[in-house]
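First up is the structure itself, then whatever we jot down about it.
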Amino acid sequence: MDYNHLGKDFNKGLYLSTLKPVINKKALFADYTADYVDPPEPNPYGVLTLRFRTHKSNAEHVFLICNGERYLMECFESVDSFDYYRYTLTLDNDIIRYYFEIRSGNQVCRYDLRGAVAHAEEAYYFTIRPGFKTPDWAKGAVIYQIYVDRFRNGDPANDVLSHEYNYIGDHSVQVKDWDKYPATMGVREFYGGDLKGVMDKLDYLKELGIDAIYFNPLFVSPSNHKYDIQDYDYIDPHIGCIVKDEGRLLEPGEYDNKNATRYINRVTSLENLEASNELFARLVEECHKRNIKVILDGVFNHCGSFNKWLDRERIYEDADGYDKGAYICADSPYHDFFKFYNSNNWPYNDSYDGWWGHDTLPKLNYEGSQKLYDYILYIGRKWVSPPYNADGWRLDVAADLGHSPQFNHQFWKDFRRAVKEANPNAIILAEHYGDPSEWLQGDEWDTVMNYDAFMEPVTWFLTGMQKHSDDFRWDMLGNADTFFDMMKYNGAKFFGPSINISMNELSNHDHSRFLTRTNRVVGRVVNKGPEAANENVNKAVMREAVLIQMTWTGAPTIYYGDEAGVCGFTDPDNRRTYPWGHEDHELIDFHRQMIRIRKANRELKEGSIRRIYKDYNIIAYGRFTRDDRCVIVVNNNDHEKDIEMKISYELGCPRDAGMVSLIYTDERGFTTEPKEYQVDGANLKLHMGKTSAIVLKMLD
């Protein structure tokens with residue numbers, strides 16, 4: 001007998017019996033959804049269960065690495081092709097940061113927000129702040145942004161009149177032609193849109209399927225954009241109610257607003273102001289009857305030169321019931337609300353600090369006035385409380401408030417506390433470019449306008465355009481790697497509660513209309529003219545964008561008129577009027593259908609999200625829960641494509657699952673007629689038309 005050979009066979013058998021399988025990285029998964037974080041928004045000192053998914057019988061051990069400690073996770077369930085692991089922590093009141101380590105024999109990999117990696121990086125750790133809660137109504141909500149002057153004129157009696165007052169060197173202008181393009185210097189142009197007009201169209205918005213309205217500023221202001229607030233206590237009567245209307249207009253060549261008595265009466269008369277506030281309260285009530293929330297725009301970094309606390313235009317100098325403004329005299333009760341550089345310049349001191357040097361936007365001096373600090377906190381509470389009952393605030397240039405980062409953070413902590421005490425279900429979302437993470441720690445903002453982890457990646461991928469239409473880049477157009485990398489990198493800056501309610505926009509009042517970006521014309525209205533924004537637009541690309549918007553994590557936000565086919569370069573051209581009477585009804589119906597599909601399929605609103613496939617001008621991703629799965633595929637090529645992708649491990653689909661299309665769009669239009677597809681051996685094969693996208697649902 002060959003004992004030598006026998007020994008070799010024995011050793012080989014021993015080796016094979018102890019050999020561990022290769023870790024199936026595609027099956028590994030965890031995220032912030034309720035399937036993997038229970039509860040998703042835990043309380044301080046509460047109990048938190050974290051879960052992790054592996055391929056069945058594939059992992060020898062799974063460890064939770066949390067705040068530097070290692071915990072062995074328990075395999076508590078095996079379902080279909082997966083094992084599920086869990087570990088329960090008892091929390092204190094501190095942030096926890098964690099990732100997972102998966103072992104099989106000598107093989108080791110880690111899992112953080114990037115997915116399966118050789119080494120976890122702190123920038124991509126999962127992060128949970130006990131006690132950080134965001135409003136349930138906002139999670140995945142569909143928001144509709146309204147720039148009031150351009151939405152609908154419901155009450156012509158409150159229209160701003162031509163020559164009513166002077167602003168930035170010229171008179172106010174009443175635009176009589178609703179369809180006229182905005183002027184290049186259109187800040188003083190008014191089309192007459194108002195709150196009555198919004199109220200008249202609430203049923204349209206309800207039928208569209210929206211859950212909330214975000215209003216650009218509504219408070220008294222001399223501009224149509226109203227980011228130069230004149231009086232934080234009142235809704236502007238020009239969009240509210242004018243019941244007392246006396247005084248005269250300015251004559252041609254007359255520019256002193258002391259003589260603009262018609263305007264002074266309209267904006268200082270208590271009858272007008274209180275009637276306008278009452279109208280707003282009725283509007284919110286009507287919205288709430290339709291289960292529509294209302295978000296206000298809070299401009300608290302700066303006010304306007306017309307503001308009653310400063311009164312550079314001397315609107316309030318002789319008005320009954322108003323104290324003298326800080327511009328008027330040195331002993332004004334509002335003196336410390338502003339920073340003055342020349343203390344010997346009164347009366348009529350114009351040496352105040354302006355935001356970015358703009359004298360029409362005086363910066364508020366919180367560090368110099370506790371009275372101002374407390375008053376803005378009061379304003380924050382006032383409008384989310386009875387009788388107004390707004391449902392939250394969008395904060396303009398929020399990172400700029402104050403004169404130091406330390407002060408900025410303290411103010412927003414106090415603001416959050418004040419607003420949430422008044423209305424625990426109010427949302428606090430901020431305008432912010434860049435990394436927002438230091439404000440999203442659970443004690444300041446709830447979330448942000450999601451430029452970096454939504455608007456920009458979608459825009460670059462589908463159009464190759466910068467969001468102002470200021471640049472076109474071939475290397476970004478159709479670049480699926482960059483699309484997913486931007487989403488992953490910037491999305492890692494959010495805690496779970498923040499990403500679920502992030503404002504995912506395609507367009508807004510500060511950037512070009514998305515439909516205009518589809519024509520790939522670089523420029524602005526000042527050098528291209530408004531018609532160039534309308535030419536050669538591609539509605540098929542617009543539909544692709546809306547389909548992504550309505551199937552991505554967060555709160556999809558429609559800029560008024562986008563659904564009706566409105567075009568425009570960056571502001572002021574993006575502030576065109578809603579095209580009542582000549583809407584693009586097909587595009588409206590597409591929005592309506594996508595919102596319906598989003599709401600009818602829970603996984604699209606609150607499920608996990610995962611990349612499935614990528615190629616040039618092609619992306620595919622899944623939205624899924626333990627029970628329901630959707631696949632979204634976008635072919636942004638100008639030619640047809642046959643696509644084959646594996647979806648079993650990523651989404652947990654059976655290897656022979658059936659799927660049905662919920663909606664399909666391409667260059668010809670769109671259809672919701674169902675078409676069935678078969679997953680064969682974990683492979684899904686699709687034939688996609690030119691500039692097309694599809695949402696597929698796995699059949700039971």
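On a predicted model such as this, the values are computed, not experimentally measured, just so you know.
- Side-chain atoms of Asn538 come within 3.5 Å of backbone atoms of Ala540 as a donor-acceptor pair (strictly under, hydrogens ignored).
- When only modelled atom types and interatomic distance are considered, Ser437 and Asp435 share a side-chain donor-acceptor pair under 3.5 Å.
- Looking at heavy atoms from C-beta onward, Tyr111 lies out of side-chain contact with Glu101 at the 4.5 angstrom threshold.
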Q. Given Phe126 and Ile96, is the side-chain contact (heavy atoms from CB on, under 4.5 Å) satisfied, shown in steps?
A. CA-CA 8 Å; Phe126 294 91; Ile96 66 167; over 6 Å; no

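- No donor-acceptor distance shorter than 3.5 angstrom exists from the side chain of Asn500 to the backbone of Lys139, with no hydrogens or angles considered.
- No more than 12 heavy-atom neighbours from other residues, nucleotides or ligands sit within 6.0 angstrom of CD on Glu122.
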Q.
One pair to check against ring pair (Phe, Tyr, Trp, His ring centres under 6.0 Å): Phe29 and Tyr36. What are the steps and the verdict?
A. CA-CA 9 Å; Phe29 192 75; Tyr36 298 94; 5.3 Å; yes

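- Looking at Phe415, Phe132, Trp439 one by one, the single match for ring pair (Phe, Tyr, Trp, His ring centres under 6.0 Å) with Trp445 turns out to be Trp439.
- A donor-acceptor contact closer than 3.5 angstrom links the side chains of Thr88 and Thr49.
- In plain terms, the two heavy atoms of Glu544 and Val634 that are nearest each other are OE2-CG1, 3.6 Å.
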Q | side-chain contact (heavy atoms from CB on, under 4.5 Å) evaluation trace for Leu28 with Phe100 | A | CA-CA 10 Å; Leu28 304 179; Phe100 302 93; over 6 Å; no

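- Test Phe52, Tyr71, Phe63, Phe76 against Tyr87 for ring pair (Phe, Tyr, Trp, His ring centres under 6.0 Å) and you get one pass: Tyr71.
- Applying the 6.0 Å contact sphere to CG of Asn93 captures more than 12 heavy atoms from other residues, nucleotides or ligands.
- Below 30°, between 30° and 60°, or above 60°: for Phe483 and Phe461 the angle between ring planes is between 30° and 60°, a tilted geometry.
- In Tyr489, the OH atom is not crowded: 12 or fewer heavy atoms of neighbouring residues, nucleotides or ligands sit closer than 6.0 Å.
- Within a 6.0 Å sphere centred on NE2 of His639, other residues, nucleotides and ligands contribute more than 12 heavy atoms.
- A donor-acceptor pair shorter than 3.5 Å cannot be found between the side chains of Asp627 and Thr625.
- A distance-only check finds no donor-acceptor pair linking the side chain of Arg129 to the backbone of Gly442 [under 3.5 Å].
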Q) What's the verdict on side chain to side chain donor-acceptor pair (under 3.5 Å) for Asp35 and Thr33, showing C-alpha distance, side-chain angles and the deciding distance? A) CA-CA 5 Å; Asp35 286 337; Thr33 63; 4.8 Å; no

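- Enclosure of atom NZ in Lys56 by more than 12 non-hydrogen atoms of other residues, nucleotides or ligands within 6.0 angstrom is indicated.
- Annotation: Asn43, atom CG; neighbour count of heavy atoms from other residues, nucleotides and ligands within 6.0 Å is above 12.
- Atom NZ of Lys675 has 12 or fewer neighbouring heavy atoms from other residues, nucleotides or ligands inside a 6.0 Å radius.
- You'll find the side chain of Val541 reaches within 4.5 Å of the side chain of Asn636, heavy atoms only.
- For the pair Val660 and Pro674, the tightest heavy-atom approach, listed with the atom from each and the gap, is CG2-CB, 3.6 Å.
- One N or O on the side chain of Gln678 and one on the backbone of Ala657 form a donor-acceptor pair closer than 3.5 Å.
- A donor-acceptor pair under 3.5 Å is absent between the side-chain atoms of His55 and the main chain of Ile23, judged by distance alone.
- Ring geometry for Tyr451 against Tyr433 counts as parallel: the plane angle stays under 30°, on a 0 to 90° scale with 60° as the upper cut.
- Checking Arg394 against Tyr214 by side-chain atom types alone, a donor-acceptor pair falls below 3.5 Å.
- Taking 4.5 Å as the limit, every side-chain heavy atom of Pro40 sits out of range of all side-chain heavy atoms of Tyr32.
- Around NZ of Lys690, the count of heavy atoms belonging to other residues, nucleotides or ligands within 6.0 Å does not exceed 12.
- When all heavy atoms of Ile143 and Ala555 are compared, the closest pair comes out as CD1-CB, 4.0 Å.
- Between Ile632 and Val695, the closest side-chain pair of non-hydrogen atoms falls below 4.5 Å.
- With a 4.5 Å cut-off on side-chain heavy atoms, Ser502 and Asn504 count as touching.
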**Q.** Step-by-step side-chain contact (heavy atoms from CB on, under 4.5 Å) determination, Gln441 to Phe495
**A.** CA-CA 8 Å; Gln441 301 290 307; Phe495 288 9; 3.8 Å; yes

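- Between Gln549 and Phe454, the shortest heavy-atom distance links the atoms CA-CZ, 3.5 Å.
- Distance alone, capped at 3.5 Å, is enough to place a donor-acceptor pair between the Glu41 side chain and the Thr134 backbone.
- Side chain of Arg629 to main chain of Arg626: a donor-acceptor pair is present (N/O by atom type, distance under 3.5 Å, no hydrogens or angles).
- Of the possible polar contacts, none joining the Arg103 side chain to the Glu60 backbone as a donor-acceptor pair under 3.5 Å is found.
- Taking the centre and axis of the six-membered ring of Phe484, the NZ or CZ atom of Arg611 falls inside the cone set by 45° and 6.0 Å.
- In this structure the side chain of Ile595 reaches within 4.5 angstrom of the side chain of Ile558, judged on heavy atoms.
- When side chains are defined from C-beta on, Gln107 counts as touching Val22, because their heavy atoms get closer than 4.5 Å.
- With Asp80 contributing its side chain and Phe82 its backbone, the two residues share no donor-acceptor pair below 3.5 Å.
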Q: Please step through side-chain contact (heavy atoms from CB on, under 4.5 Å) for the pair Phe514 and Thr463, ending with a clear verdict.
A: CA-CA 9 Å; Phe514 187 89; Thr463 72; 3.7 Å; yes

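- Each of Asp628, Leu662, Thr551 was compared with Asn601 under the side chain to side chain contact (heavy atoms under 4.5 Å, CB included) criterion, and only Leu662 meets it.
- A salt bridge links Asp38 with Arg51: at least one charged nitrogen is closer than 4.0 Å to a carboxylate oxygen.
- Distance alone, capped at 3.5 Å, places no donor-acceptor pair between the Asn508 side chain and the Tyr559 backbone.
- The side-chain heavy atoms of Pro654 and Met698, taken from C-beta on, include a pair separated by under 4.5 Å.
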